Amino acid sequence: MTKTPKNQSLMRWALFAVLTFTALIFARSVFNGFVSLDDETYILGNPYIRDFSVNGIKTIFSKFYFGMYHPITMLSYLIEYTLFGADPLPYHFVNVLLHLLNTLIVFRLAERLSEKKWTAVVVSLLFAVHPMHVESVAWVSERKDLLYALFYLLSLSLYVRYLKSDYKVKWYVFSGVFFILSLLSKPAAITLPVLLFAFDFYVARKWSFKVMAEKIPLLILSVAFGIMALSSVKQETYEFLATSYGVGERIAIISYNVAFYLVKLFAPLQLSAIYYYPNPDVGGLPWYYFASIPFLMILAFLIYKNRWYRREVIFAFAFFLITVSVMLQIVPNGLAVVCDRYTYVPYLGFFFVAGKWVADMIAAGKKKSVLVGFFTVTIIFSMIAWNRIGIWKNGEILMTDVIRKSPDIFHCYWMRGNIRNKSGNLKGALQDYNKTIGYDPSYHLAYSDRSTVRQALGDVKGAVEDLNKAI
């Protein structure tokens, strides 16, 4: 679609406005500190980012670190640590900068795919300010989300250019190069080759041997990185969950994952840094885990019967399900059943439907009412995101928020106790360790950690008793 000079100027100003608004919101996170959730592992105590040399870089690209292979992400930490040490401000600044770059790429991708400027504005703005995306930006340890998304989105954008340039090979090659960079940033990028079929569907590309064959090299890379990622999953977590839940419960957990992310798309409320698995020893799974199965079945039926933006809706759900599939706890990993950060890329398909609808309503002469509604939603999301960024100020504030959302989970009290212990708040740490032991008298780490606090407070007898219990 040929743009007039007036349209080009409007597009530039619209993009500038989106990026400026996003920068103003996420500027708050630049002044946050590190939090204990993985920041100590990936930055403060990471030996791999202390050696800026050929051997140090070789180590990053040749070894796993804490069960993960994301050398480009580690390389970014290495450069920052060499230049700035353990000052959190530069790390947060780079995260915000990467989010702005991703927003820019989303704008261009939506514009290229839809050829409508209002679609690009809506998609990029929703992507930029959605509260579920705060975790990926405000948490330094989630740099891997931002980097994988950066290269993933560039690869998609170049693939769309390949489709719309009469299949010029150079755009396919460039798309493949960025796919490799995305894989080296986070293994979640393995979904991209399958997602390309959804783009083929959306542009009504005819199926042929060529359509299949061009994906084969990318699929081979995906399989290789997927096998590597599976081999690095912590086995003890998998074994615990496999023995704790039956097949029916595992299906309910996976369906709950999908339903959770769909609900939070429209109502991003009661967000938390950790959504703990239900305790399998206390009454099994809650009812809403099983209720998510008929919920998704009804939703699938409505999508099947839908005639409203049918191609866009199918594309959106394909985009979502393909990109979120590797995060659905099919292979359990970690303590959290769901995570906000897992939606950073998957929500894009739904944002595209919203953008397409807004553009069509404006073209139909309903500009004022539609824009008022859209910007109202944007402001609400932005306010939630702003408040959420403040929760990531430091580890104690963050874990206090987790405790408010999960007051009966002993693990979050223990984590906050450790944070308070390290910051010198010994009485606060003692209270948290007492709370932890009150919920789980067999948790040996709480006794061990409480012993150090008791010793520091002069209670040597209590410290020895705790060590004996820990043993």
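Starting from 1, each residue takes its place in the sequence as its number. What you are looking at is a predicted structure, and each value in this text was computed from that prediction instead of being measured.
In this structure, the side chains of Leu125 and Phe351 stay at 4.5 Å or more apart for every pair of heavy atoms. Residues Pro88 and Val140 are not in side-chain contact: their nearest non-hydrogen atoms beyond the backbone lie 4.5 Å or more apart. Using a 4.5 Å heavy-atom threshold, the side chains of Tyr347 and Lys264 count as touching. A heavy-atom distance below 4.5 Å is not found between the side chains of Ile60 and Ile72. Looking at Ser157 and Arg112, their side chains come closer than 4.5 Å, going by heavy atoms from C-beta outward. The shortest distance between side-chain heavy atoms of Tyr91 and Asp39 does not fall below 4.5 Å. Contact of the Leu196 side chain with the Leu156 side chain is registered, since non-hydrogen atoms from C-beta on lie closer than 4.5 Å. In this structure, Leu192 and Ser155 have side chains that are in contact, with non-hydrogen atoms separated by less than 4.5 Å.
More than 12 heavy-atom neighbours from other residues, nucleotides or ligands sit within 6.0 angstrom of CZ on Phe21. Taking a 6.0 Å sphere around CH2 of Trp287, one finds it holds 12 or fewer heavy atoms contributed by other residues, nucleotides or ligands.
Ring centroid separation for the pair Tyr77 and His70 does not come in under the 6.0 Å cut-off. The aromatic ring centres of Tyr162 and Tyr159 sit less than 6.0 Å apart. Annotation: Tyr275 is in aromatic contact with Phe260 [ring centroid separation under 6.0 Å]. Taking the six-membered ring where the residue is Trp, the centroids of His92 and Phe31 are separated by 6.0 Å or more.
Across all non-hydrogen atoms, the minimal contact from Thr119 to Gly355 is OG1-O, 3.1 Å. In plain terms, the two heavy atoms of Lys215 and Tyr172 that are nearest each other are N-OH, 4.3 Å. Heavy atoms only, all atoms of each residue included: Ala189 and Pro193 are closest at O-CD, 4.4 Å. Smallest separation of non-hydrogen atoms from Val402 and Ala273: CG2-CB, 3.9 Å. Asp360 and Tyr309 make their closest contact through OD2-OH, 2.6 Å (heavy atoms, listed as atom of the first residue, atom of the second, distance). The two atoms that bring Leu78 and Tyr48 nearest to each other are CD1-O, 4.1 Å, heavy atoms only.
Contacts classified as side chain to side chain donor-acceptor pair (under 3.5 Å) and involving residues 387-403 (residues at least two apart or in different chains) are given here: Arg388-Asp401, Glu396-Arg420, Thr400-Arg416, Asp401-Arg404, Asp401-Lys405. Listed by first then second residue, pairs satisfying salt bridge (charged side-chain N to carboxylate O under 4.0 Å, His left out) with a partner in residues 306-323 read Glu312-Lys356, not counting sequence neighbours.
Expressed to the nearest 0.5 Å, how far CG of Leu109 lies from CZ of Phe199 amounts to 5.5 Å. With values rounded to the nearest 0.5 angstrom, Ser175 atom OG is found 6.0 Å from Leu158 atom CG. Here Leu147 contributes atom CG and Asn95 contributes atom CG; the two are 8.0 Å apart, rounded to the nearest 0.5 Å. Taking OG from Ser448 and CG from Asp466, the interatomic distance works out to 8.5 Å, rounded to the nearest 0.5 Å. In this structure, OG in Ser136 is found 12.0 Å from NE2 in His130, a value given to the nearest 0.5 Å. The CZ atom of Arg108 sits 13.0 Å away from atom OG1 of Thr103, with the distance rounded to the nearest 0.5 Å.
Aromatic ring pairs are classed by plane angle as parallel below 30°, tilted from 30° to 60° and perpendicular above 60°; the pair Phe352 and Phe315 is perpendicular. Note on ring orientation: taking the six-membered ring where Trp is involved, the planes of Tyr261 and Tyr342 are perpendicular (angle over 60°, cut-offs 30° and 60°).
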Under 3.5 Å donor-acceptor pairs involving side-chain atoms of residues 320-327, not counting sequence neighbours:
unit_1: Thr323; atom_1: OG1; unit_2: Phe319; atom_2: O; d: 2.6
unit_1: Thr323; atom_1: OG1; unit_2: Phe320; atom_2: O; d: 3.2
unit_1: Ser325; atom_1: OG; unit_2: Ile322; atom_2: O; d: 2.7

Side-chain polar contacts of residues 176-188 - donor-acceptor pairs under 3.5 angstrom, sequence neighbours left out - could you list them?
unit_1: Ser182; atom_1: OG; unit_2: Tyr148; atom_2: O; d: 2.8
unit_1: Ser185; atom_1: OG; unit_2: Leu181; atom_2: O; d: 2.9
unit_1: Lys186; atom_1: NZ; unit_2: Asp145; atom_2: OD1; d: 2.4

Report, one line per pair, each donor and acceptor closer than 3.5 Å where one atom sits in a side chain of residues 288-297; sequence neighbours left out.
unit_1: Ser292; atom_1: OG; unit_2: Ser255; atom_2: OG; d: 2.7
unit_1: Ser292; atom_1: OG; unit_2: Tyr256; atom_2: N; d: 3.2
unit_1: Ser292; atom_1: OG; unit_2: Tyr289; atom_2: O; d: 2.5

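Residues passing the ring pair (Phe, Tyr, Trp, His ring centres under 6.0 Å) test with Phe317 are Phe350, sequence neighbours excluded. For the ring pair (Phe, Tyr, Trp, His ring centres under 6.0 Å) test, no residue two or more places apart in sequence or in another chain qualifies with Phe225. In this view, Asp408 and Tyr439 satisfy the side chain to side chain donor-acceptor pair (under 3.5 Å) rule, not counting sequence neighbours. Residues meeting the side chain to side chain donor-acceptor pair (under 3.5 Å) test with His99, sequence neighbours left out: Tyr344. Scored by the ring pair (Phe, Tyr, Trp, His ring centres under 6.0 Å) test, Phe410 finds Tyr443 as partners (sequence neighbours excluded). Under the ring pair (Phe, Tyr, Trp, His ring centres under 6.0 Å) criterion, Phe374 pairs with no residue at all, not counting sequence neighbours. Listed by chain and residue number, Lys422 satisfy the side chain to side chain donor-acceptor pair (under 3.5 Å) test with Glu40 (two or more places apart in sequence, or in another chain).
A donor and an acceptor atom, one from each side chain of Tyr433 and Asn418, are located under 3.5 Å apart. For the residue pair Trp414/Asp449, the side-chain donor-acceptor check at 3.5 Å is satisfied. Looking at Thr73 and Tyr42, their side chains never bring a donor and an acceptor atom within 3.5 Å of each other.
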Start with the C-alpha distance between Phe26 and Val134, add both sets of side-chain angles, then the distance that settles side chain to side chain contact (heavy atoms under 4.5 Å, CB included), and finish with yes or no. CA-CA 8 Å; Phe26 281 92; Val134 167; 4.3 Å; yes

Would Thr41 and Ser141 count as a side chain to side chain contact (heavy atoms under 4.5 Å, CB included) if you check the C-alpha gap in whole Å, the side-chain angles of each, and the deciding distance to 0.1 Å? CA-CA 9 Å; Thr41 300; Ser141 293; over 6 Å; no

Verify side chain to side chain contact (heavy atoms under 4.5 Å, CB included) between Val337 and Tyr276, making sure each step is shown before the conclusion. CA-CA 6 Å; Val337 63; Tyr276 288 96; over 6 Å; no

One pair to check against side chain to side chain contact (heavy atoms under 4.5 Å, CB included): Leu146 and Leu150. What are the steps and the verdict? CA-CA 6 Å; Leu146 301 170; Leu150 173 70; over 6 Å; no

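Remark: Asp440 does not engage Lys435 in a salt bridge, criterion side-chain N to carboxylate O under 4.0 Å.
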